[in-house]
> 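A single structure is presented below for examination.
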Protein chains: 2
Amino acid sequence: MNNRIQELRKNRNWSPASLAEKLDVSRQTVNALERGRYDPSLPLAFSIARLFDLTIEEVFQPDQD
Amino acid sequence: MNNRIQELRKNRNWSPASLAEKLDVSRQTVNALERGRYDPSLPLAFSIARLFDLTIEEVFQPDQD
DNA sequence: CCCCTATGTAAAGTCTGCTTTACTTATTCT
DNA sequence: AGAATAAGTAAAGCAGACTTTACATAGGGG
């Protein structure tokens, strides 16, 4: 699963730590998501999409197969 | 998180077991998702939405806080 | 250079998502 | 009614999502 979290965060000039705060997760979690170490839970994916005013499909793209 | 999985499955006249097969998960997982015992992973949420030709937002609705 | 704050990253622990096995309760067919 | 198949559910176990603690690296301002 690819995501545009880092790109969207940088567009807003937000630090990893402040994004973590807005999402109510640890900054380690933001780092892991941006690096693609794991996928967010579905509720966290919703929080992320809504924070950036996008749909989940606009933020996350499943791997091709 | 609420979801419309059972409704969408019944509209297609699919059994829980055959939905499980299409999604490549166990029928226990389908049962648990329909009963709201837990949320699917993000990749599984994508599989479900695409199977029904809907967006994730059309299938899953986060709880109102 | 030293200090401070931001950032990356790792390890251990907890909780959730999902599987396998297995038992129970329908439902359907003869 | 009895047999066969479908469906609900529970327990144990593994993997993944996330936290806390902690340490290392990097940059900027005095």
Side-chain angles (χ1 to χ4, degrees):
Chain A
M1 182 83 60
N2 295 323
N3 73 68
R4 296 173 49 216
I5 297 176
Q6 185 167 19
E7 167 199 351
L8 294 163
R9 173 180 65 75
K10 289 184 172 170
N11 286 347
R12 305 281 205 287
N13 286 317
W14 290 343
S15 67
S18 78
L19 174 57
E21 201 176 345
K22 290 173 203 300
L23 293 172
D24 201 32
V25 296
S26 69
R27 62 192 185 81
Q28 287 84 344
T29 293
V30 166
N31 189 294
L33 295 175
E34 289 192 351
R35 295 181 60 226
R37 300 222 320 122
Y38 50 73
D39 298 321
S41 67
L42 187 56
L44 180 52
F46 266 94
S47 298
I48 294 168
R50 292 196 295 195
L51 179 61
F52 292 115
D53 255 308
L54 296 170
T55 64
I56 292 195
E57 279 83 355
E58 287 169 327
V59 181
F60 300 93
Q61 303 89 27
D63 293 331
Q64 51 278 39
D65 307 317
Chain B
M1 182 84 58
N2 294 324
N3 72 68
R4 297 173 48 216
I5 298 176
Q6 186 168 16
E7 168 199 350
L8 295 164
R9 173 180 66 76
K10 288 184 171 170
N11 286 347
R12 306 283 206 283
N13 285 318
W14 290 344
S15 67
S18 77
L19 174 57
E21 202 175 345
K22 291 173 203 300
L23 293 171
D24 201 33
V25 296
S26 69
R27 61 193 185 80
Q28 287 83 343
T29 293
V30 165
N31 188 294
L33 295 175
E34 288 192 351
R35 295 180 59 225
R37 302 221 319 120
Y38 50 73
D39 298 321
S41 67
L42 188 56
L44 180 53
F46 265 95
S47 298
I48 294 168
R50 290 196 295 197
L51 179 61
F52 291 116
D53 255 308
L54 296 170
T55 64
I56 292 197
E57 279 83 355
E58 287 169 327
V59 181
F60 301 92
Q61 303 88 28
D63 293 331
Q64 52 279 35
D65 305 317

> With sequence neighbours excluded, tell me which residues meet side-chain hydrogen bond (donor to acceptor under 3.5 Å, both in side chains) with A:Glu58.
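Expected list: A:Thr55.
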> Estimate the overall bend of the helix from C:dC1-D:dG30 to C:dT30-D:dA1 from the end axes over five pairs each, rounded to 10 degrees.
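That helix has its two terminal axes inclined by roughly 30°.
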> Which residue pairs satisfy the ring-ring contact (aromatic ring centres under 6.0 Å, His included) criterion with at least one member in residues 9-53 of chain B, sequence neighbours excluded?
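Qualifying pairs: B:Trp14-B:Phe52.
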> Suppose we screen for side chain to side chain contact (heavy atoms under 4.5 Å, CB included). Which residues come up paired with B:Asn31, at least two apart in sequence or across chains?
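For B:Asn31, the residues satisfying side chain to side chain contact (heavy atoms under 4.5 Å, CB included) (neighbours in sequence not counted) are B:Arg35.
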> Kindly give the atom pairs (protein nitrogen or oxygen, nucleotide nitrogen or oxygen) under 3.5 Å for nucleotides 10-15 of chain C.
none

> In residues 41-53 of chain B, what residues come within less than 4.0 Å of DNA chain C, judged by heavy atoms?
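DNA chain C contact set from residues 41-53 of chain B: B:Ser41, B:Leu44.
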> Extract all donor-acceptor atom pairs below 3.5 Å that involve side chains of residues 19-27 of chain A and protein atoms in other chains or at least two apart in sequence.
residue : atom : partner : partner atom : Å
A:Ser26 : OG   : A:Thr29 : N            : 3.2
A:Ser26 : OG   : A:Thr29 : OG1          : 3.1

> So if I take residues 8-25 of chain A and measure heavy-atom distances to DNA chain D, which residues fall below 4.0 Å?
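Only A:Asp24, A:Val25 qualify.
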> Is there any salt bridge (Lys or Arg N to Asp or Glu O under 4.0 Å) pair reaching into residues 1-12 of chain A, and which pairs are they, with sequence neighbours excluded?
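Checked against salt bridge (Lys or Arg N to Asp or Glu O under 4.0 Å) - neighbours excluded - the pairs reaching residues 1-12 of chain A are A:Arg4-A:Glu7, A:Arg9-A:Glu34.
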> Not counting sequence neighbours, which residues clear side chain to side chain contact (heavy atoms under 4.5 Å, CB included) with A:Ser41? List them please.
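A:Ser41 satisfies side chain to side chain contact (heavy atoms under 4.5 Å, CB included) with A:Pro43, A:Leu44 once adjacent residues are dropped.
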> Could you give the start and end, 5' to 3', of the contact zone on DNA chain D for chain B, using atoms under 4.0 Å from its heavy atoms?
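Contacts span D:dA7 to D:dA10, reading 5' to 3'.
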> B:Ser15: what forms a side-chain hydrogen bond (donor to acceptor under 3.5 Å, both in side chains) with it, not counting sequence neighbours?
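Once residues adjacent in sequence are excluded, the partners of B:Ser15 under the side-chain hydrogen bond (donor to acceptor under 3.5 Å, both in side chains) criterion are B:Ser18.
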